[in-house]
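Lettering follows sequence order; numbering is per chain, from 1.
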Amino acid sequence: MKYLVTSALPYVNNVPHLGNLAGSILPADVYTRYRRLNGDKVIYICGTDEHGTPITISAKNERLSPRLLCDKYHGIQTDLFERFHIKFDNFSRTTRKPHYELTTQFFEKLLANGHIIEKVMTMPYDQKAELFLPDRYVEGTCPHCGYSPARGDQCDGCGKLLLPEELKNIKSTISGETPIFKKTTHWFLDLPKFSDRLKGWLESQTHWRPNVRNFALSWVKHGLKQRAITRDLDWGVPVPLPQAAGKVIYVWFDAPIGYISSTRELYGGDASKADEWWKSKDTQLIHFLGKDNVPFHAIVWPSMLLGVDEGYNLPHYIEGYEYLKFNGKKFSKSLNHGIWLDEAAALYPADYWRYTLISILPQTKDADFSWQEFGKRVNDELNDAIGNFVHRSLTFIQSKFGGKVPEPELDDAAKEMLKSIDATFEEAGKLFEAFDLKGALNSVLRLAKKGNQYFNEQAPWKKDNPTALYVSVQLDAALSVLLSPFIPASSQRLWQTLSQKGSVSSTSWSAPKVAAGTNLQKPRPLFSKINPKEAAERLASLRGKRG
RNA sequence: AGCGGGGUGGGGUAGCCUGGAGUGCCCGUCGGGCUCAUAACCCGAAGAUCAGUGGUUCAAAUCCACUCCCCACUACCA
């Protein structure tokens with residue numbers, strides 16, 4: 001079995017925040033690293049999502065062309081993900097030519113197969129900004145409850161669904177002008193046609209989490225609607241029809257196609273090589289994404305894949321994470337509420353963030369990031385339980401055994417401990433297979449705790465006990481491998497301290513052996529404690545410096 | 001309003017699909033131990049009407065119905 005892993009393409013009009021990292025990119029990276037260690041064939045595909053109205057608006061605000069804005073943030077994001085040790089097999093962009101070509105082909109094929117329908121609709125138009133306005137970009141007074149500002153699609157006051165033309169005192173949120181209503185032609189994906197096939201397919205995906213599967217099923221059961229896949233914009237993939245001048249394909253349509261075009265790019269444009277992942281029956285297609293993206297990946301995207309009828313695999317698994325909040329509230333760029341990746345990278349090592357984000361991963365419900373929580377995870381778990389076990393065993397060998405792994409005489413307690421190592425590889429592996437990354441990390445943490453227990457029981461400082469130290473070194477090495485999907489940089493440091501050759505990431509998912517007689521390197525603490533209070537202050541001063 | 005998810009000792013989280021003693025894990029609190037280690041580590045204890053009500057069952061955190069509360073989504077933000 002081969003594994004094609006994707007994470008939702010990050011949108012390129014901003015610096016990503018911790019939630020963006022935790023919500024798909026990091027877990028996909030951790031999962032992929034596990035797969036690789038386990039000896040599986042796997043690739044991790046991603047890229048930046050560079051179309052849509054917000055890009056054009058951000059570009060205006062920053063006085064850049066959309067292309068230059070995308071260049072800028074694609075560069076920033078590429079750099080940031082590297083700093084967090086995210087290892088993509090390919091990180092592409094949806095503005096590259098092959099992506100345009102493939103998106104055009106998808107559109108033409110769906111049209112030829114009768115899945116795309118042309119319709120005339122009326123939309124608000126901002127004359128000053130010269131822009132058709134998506135519903136969310138108009139606001140006014142709710143005709144039902146008088147609440148203001150109500151958005152163009154729904155009133156936040158009474159919760160009623162609205163149409164933009166129902167709003168009183170309607171305004172464009174871009175220019176503040178009153179929009180006029182104009183007719184415009186658009187193309188719709190005929191989703192209702194796929195209802196039966198989607199329903200059957202979704203019902204058979206019993207291995208999915210209920211939040212993903214039930215949510216998608218409820219859409220199908222309530223009746224799918226035809227969905228507009230074009231926009232009146234000049235930024236995007238042009239609609240390949242003579243009567244569609246000035247119209248582009250909707251960013252939500254082209255973004256997932258980016259998974260395929262990015263895979264082709266990995267193979268230098270060789271489509272048949274990419275198809276070995278996309279069309280071969282022994283590949284599992286696995287999407288990591290945030291819950292807001294579930295309908296798109298579970299309904300629209302599979303319909304597109306079915307509709308082109310070219311033998312593409314449907315997703316095997318869709319991991320839809322809930323949201324990460326900061327101090328109990330949503331991340332918000334406009335309120336500057338949250339932590340952005342450039343700030344996080346400047347404050348603490350990537351591994352501290354990676355460890356904490358996985359340990360609070362919102363797998364079944366929203367999770368909250370706070371400095372308190374960060375402190376607990378880094379100090380109590382990463383530093384005290386894991387780091388301290390490694391450090392106490394390694395310094396002991398330095399001071400009492402001259403830095404040389406001693407020859408053991410395996411007694412029952414030692415054998416038991418070695419068995420626990422094997423059991424942890426097995427248990428964590430199973431949890432990875434079930435996409436329970438948080439559980440896998442937890443089982444590794446428990447092994448470190450067992451190590452501390454063992455060390456205390458053996459009390460090698462009381463009597464000569466080379467066996468206990470031999471076993472502890474085996475544990476250290478096991479931890480290095482077990483932790484490497486989560487905290488690759490620290491794992492590698494530990495690996496080298498144990499005088500092991502090469503990269504820990506290219507070993508295998510099984511207990512490594514450090515031979516008796518091996519000369520170990522001088523240990524330095526793997527981690528250090530952080531002070532939650534000071535962390536908040538350091539963030540504030542960082543922001544102060546930048547103005 | 002509708003749809004989806006969630007409510008489990010003080011905090012967090014797993015268990016629920018496939019019912020079997022309130023079981024596990026991380027933290028906190030209290031008491032004890034250890035002194036190799038970054039004031040780290042280990043042991044023990046206290047602490048819960050499993051949101052509520054009703055039902056099914058020999059048996060319910062788990063299945064069913066209703067109610068309350070939290071989060072998100074609702075198709076033209078991406």
Considering only heavy atoms from C-beta outward, does the side chain of Ile55(A) approach that of Tyr11(A) to under 4.5 Å?
yes

Any donor and acceptor pair, going by atom type alone, linking the side chain of Gln474(A) with main-chain N or O of Val514(A) inside 3.5 Å?
yes

The answer to which of Ile360(A) and Lys400(A) contacts RNA chain B further toward the 5' end, by nearest nucleotide, is Ile360(A)

Partner nucleotide of A1(B) by Watson-Crick or wobble geometry (both distances under 3.5 Å):
U74(B)

Answer with base, sugar-phosphate or nothing: what part of the nucleic acid does Ile55(A) contact at a heavy-atom distance below 4.0 Å?
nothing

State, with a plain yes or no, whether a side-chain heavy atom of Lys438(A) is found less than 4.5 Å away from one of Leu431(A).
no

Between P of G24(B) and NZ of Lys450(A), the distance in whole Å:
15 Å

Gln453(A) has a side chain; which of C36(B), C42(B), A78(B) sits nearest to it?
C42(B)

Any side-chain N or O of Asn214(A) below 4.0 angstrom from OP1/OP2 of G5(B)?
yes

Nearest-neighbour nucleotide for the Thr395(A) side chain, G4(B), G28(B), C36(B) considered
C36(B)

Rounded to the Å, how far apart are Phe296(A) CZ and A78(B) C1'?
10 Å

Side chain of Lys365(A) only, heavy atoms from C-beta on: which candidate in A40(B), U13(B), U38(B) is closest?
U13(B)

Donor-acceptor pair under 3.5 Å: do we get one between Asn388(A)'s side chain and the base of C41(B)?
no

Measuring only the P atom in each nucleotide, how far is A60(B) from U53(B)? A whole number of Å is fine.
14 Å

Output the rounded distance in Å from NZ (Lys221(A)) to C1' (C73(B)).
17 Å

In terms of relative ring orientation, are Phe369(A) and Trp371(A) parallel, tilted or perpendicular, with 30° and 60° separating the classes?
perpendicular

Is the distance from OP1 or OP2 of C25(B) to the nearest side-chain N or O of Ser443(A) less than 4.0 Å?
no

Out of A75(B), A78(B), U13(B), which nucleotide sits closest to the side chain of Arg227(A)?
A75(B)

Can you tell me how far C1' in U56(B) sits from the matching atom in U29(B), rounded to whole Å?
41 Å

Within the structure shown, what part of the strands sits under 4.0 Å from Thr206(A) by heavy-atom distance: base, sugar-phosphate, or nothing?
nothing

Gap in Å between the two P atoms, one belonging to C30(B) and one to U67(B), rounded:
44 Å

Mind checking if Pro525(A) touches a base, just sugar-phosphate, or nothing, with heavy atoms under 4.0 Å?
base

Earlier contact from the 5' end, RNA chain B, for Pro210(A) and Ala255(A):
Pro210(A)

Contact class for Ile386(A) (heavy atom, under 4.0 Å): base, sugar-phosphate, or nothing?
nothing

Phe396(A) ring over C36(B) six-membered base ring, under 5.5 Å and 30°:
no

Out of A75(B), A78(B), A40(B), which has the shortest distance to the side chain of Asp384(A)?
A40(B)

Out of U13(B), G12(B), U35(B), whichever nucleotide has its closest atom nearest the side chain of Lys438(A):
U13(B)

Sugar-phosphate only, base, or nothing, as touched by Gly290(A) at under 4.0 Å among non-hydrogen atoms:
nothing

Starting at atom CZ of Arg446(A), determine the distance to atom P of C25(B), rounded to an integer number of angstrom.
8 Å

Using the C1' atom as the reference point in each nucleotide, state the distance between A14(B) and G9(B) in Å, no decimals.
15 Å

Please state the C1' separation for the pair C42(B) and U35(B) - nearest whole angstrom.
12 Å

Complementary nucleotide of A45(B), counting Watson-Crick and G-U pairs under 3.5 Å
U29(B)

Between His391(A) and U38(B), does any side-chain N or O lie under 4.0 Å from OP1 or OP2?
yes

Between Val390(A) and Leu479(A), is there a side-chain heavy-atom distance shorter than 4.5 Å?
yes

Which whole number of Å gives the distance between the C1' atom of A72(B) and that of G6(B)?
10 Å

Asp254(A) and Thr103(A): side-chain donor and acceptor closer than 3.5 Å?
no

Atom CG of Leu441(A) and atom C1' of G12(B) are separated, to the nearest Å, by 15 Å

When you measure from the side chain of Tyr323(A), which nucleotide among A40(B), G12(B), A72(B) comes out closest?
A72(B)

With a 6.0 Å cut-off on the ring centroids, do Phe181(A) and Tyr125(A) count as close?
no

Counting side-chain heavy atoms from C-beta on, which of A78(B), U38(B), C26(B) comes nearest to Asp292(A)?
A78(B)

Contact under 4.0 Å: Ser399(A) side-chain N or O vs C36(B) OP1/OP2:
no

For Lys529(A) and A40(B), is the shortest distance between a side-chain N/O and OP1 or OP2 below 4.0 Å?
yes

Spacing of Lys449(A) atom NZ relative to C25(B) atom C1', expressed in whole Å:
9 Å

Output the single nucleotide from C36(B), A14(B), C73(B) whose closest atom is nearest the side chain of Lys330(A).
C73(B)

Over all strands shown, is Thr53(A) touching base, sugar-phosphate only, or nothing at heavy-atom distances under 4.0 angstrom?
sugar-phosphate

Look at Tyr454(A) and C42(B) and indicate whether a side-chain polar atom (N or O) is within less than 4.0 Å of OP1 or OP2.
no

Please classify the nucleic acid contact of Phe132(A) as base, sugar-phosphate, or nothing, using heavy-atom distances under 4.0 Å.
nothing

In this structure, is the centre-to-centre distance between the rings of Trp201(A) and Trp208(A) below 6.0 Å?
yes

In whole Å, measure the gap between the C1' atoms of A61(B) and A46(B) for me.
23 Å

Looking for any heavy atom pair under 4.0 Å, which part of the strands does His222(A) touch: base, sugar-phosphate only, or nothing?
sugar-phosphate

Among C36(B), U38(B), A75(B), which nucleotide sits nearest the side chain of Asn383(A)?
U38(B)

Nearest-angstrom distance from the residue atom NZ of Lys291(A) to P of U74(B)
11 Å

Any luck finding a side-chain donor-acceptor pair between Glu50(A) and Thr95(A) under 3.5 Å?
yes

Taking the same atom, C1', in C26(B) and in U8(B), what whole-Å distance lies between them?
15 Å

Provide, to the nearest angstrom, the distance between the CZ atom belonging to Phe527(A) and the C1' atom belonging to U38(B).
12 Å

